[in-house]
Amino acid sequence: MELNCIVDGIEMVGTVIKDLSVKNNIDARKSFGLNINEPTFEKIENAVIAQVAIHFQIEIEQEENKCSIELVLEGAFLSRNCLNEDAFKQLVILNGVAALIGIARGKIETLSAGIFNKGKIVIPFINVMDYYKSLAEDSAK
């Protein structure tokens, strides 16, 4: 199969951890939250570049002990010349964000495996479309 036939017009230029904070003294119950910041888009020559950041908050509690992890991961994406700007924006908002969540999942698993004696933190799969739907419903209230 020639993979160029299924390329969807978006290229990940890179990712960077913008912020990471870990405070730990336990291994127990967890809660998870995330905030997807609105992407920024900039036209450059014949392409568009986008940046989007996701802020993850994880808290684990056991009795009086707590662990908290906060991670801000930012990704940059570049449009392919044949893709129109609106289609690229949709790809970044859905596919780009989903890719960043997957990258953050691996980083959080690796980091937490080094922190805890038993196990690691595995963040859940996130349906990005449902995330945006819930935001729209919350703002409509």
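Model, not experiment: these values are computed from the prediction. Atom set for the values below is all heavy atoms of this structure, side chains included, hydrogens, waters and symmetry mates excluded.
For the pairing with Ile54, the side-chain contact (heavy atoms from CB on, under 4.5 Å) check across Ile101, Leu71, Asn37 returns one residue only, Ile101.
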| task | Check the pair Val92 / Phe41 against side chain to side chain contact (heavy atoms under 4.5 Å, CB included), numbers first and verdict last. | result | CA-CA 10 Å; Val92 169; Phe41 297 90; 4.0 Å; yes

| query | What do the steps show when you test Ile69 against Phe56 for side chain to side chain contact (heavy atoms under 4.5 Å, CB included), and what is the final call? | reply | CA-CA 8 Å; Ile69 297 175; Phe56 296 86; over 6 Å; no

| query | Are Leu135 and Lys133 close enough, and set up right, to give a side chain to side chain contact (heavy atoms under 4.5 Å, CB included), and what steps lead you there? | reply | CA-CA 5 Å; Leu135 282 182; Lys133 284 179 190 175; over 6 Å; no

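Note: the hydrophobic cluster containing Ile126 also contains Leu73 (ILVMFWY, side chain heavy atoms under 4.5 Å, direct or indirect links). Connection of Phe77 to Ile36 is established within a shared hydrophobic cluster, with ILVMFWY side chains joined at heavy-atom distances below 4.5 Å, either directly or through further cluster members. Cluster membership for Val122 and Ile108, using ILVMFWY side-chain heavy atoms within less than 4.5 angstrom, is not shared.
Contact record, Leu78 with Phe88: C-CE1, 3.6 Å, taken as the closest heavy-atom pair. A pairwise comparison of heavy atoms in Pro39 and Val52 identifies CG-CG2, 3.9 Å as the closest pair. Closest heavy-atom contact between Gln57 and Leu34: OE1-N, 3.6 Å.
Residues passing the salt bridge (Lys or Arg N to Asp or Glu O under 4.0 Å) test with Lys89, sequence neighbours excluded: Glu85. Judged as a salt bridge (Lys or Arg N to Asp or Glu O under 4.0 Å), and not counting sequence neighbours, Glu70 has no contacts.
With rounding to the nearest 0.5 angstrom, the OG atom of Ser112 is 7.5 Å from the CD1 atom of Ile58. With rounding to the nearest 0.5 Å, the separation of CG in Asn127 from OG in Ser134 is 10.0 Å.
Counting only distance, with no hydrogens or angles, the side chain of Tyr131 and the backbone of Asn35 share no donor-acceptor pair below 3.5 Å. Here the side chain of Tyr132 pairs a donor or acceptor atom with the backbone of Ile93 at under 3.5 angstrom. Side chain of Arg105 to backbone of Pro124: a donor-acceptor contact under 3.5 angstrom is found.
Using a 4.5 Å heavy-atom cutoff, the side chains of Thr15 and Glu74 are not in contact.
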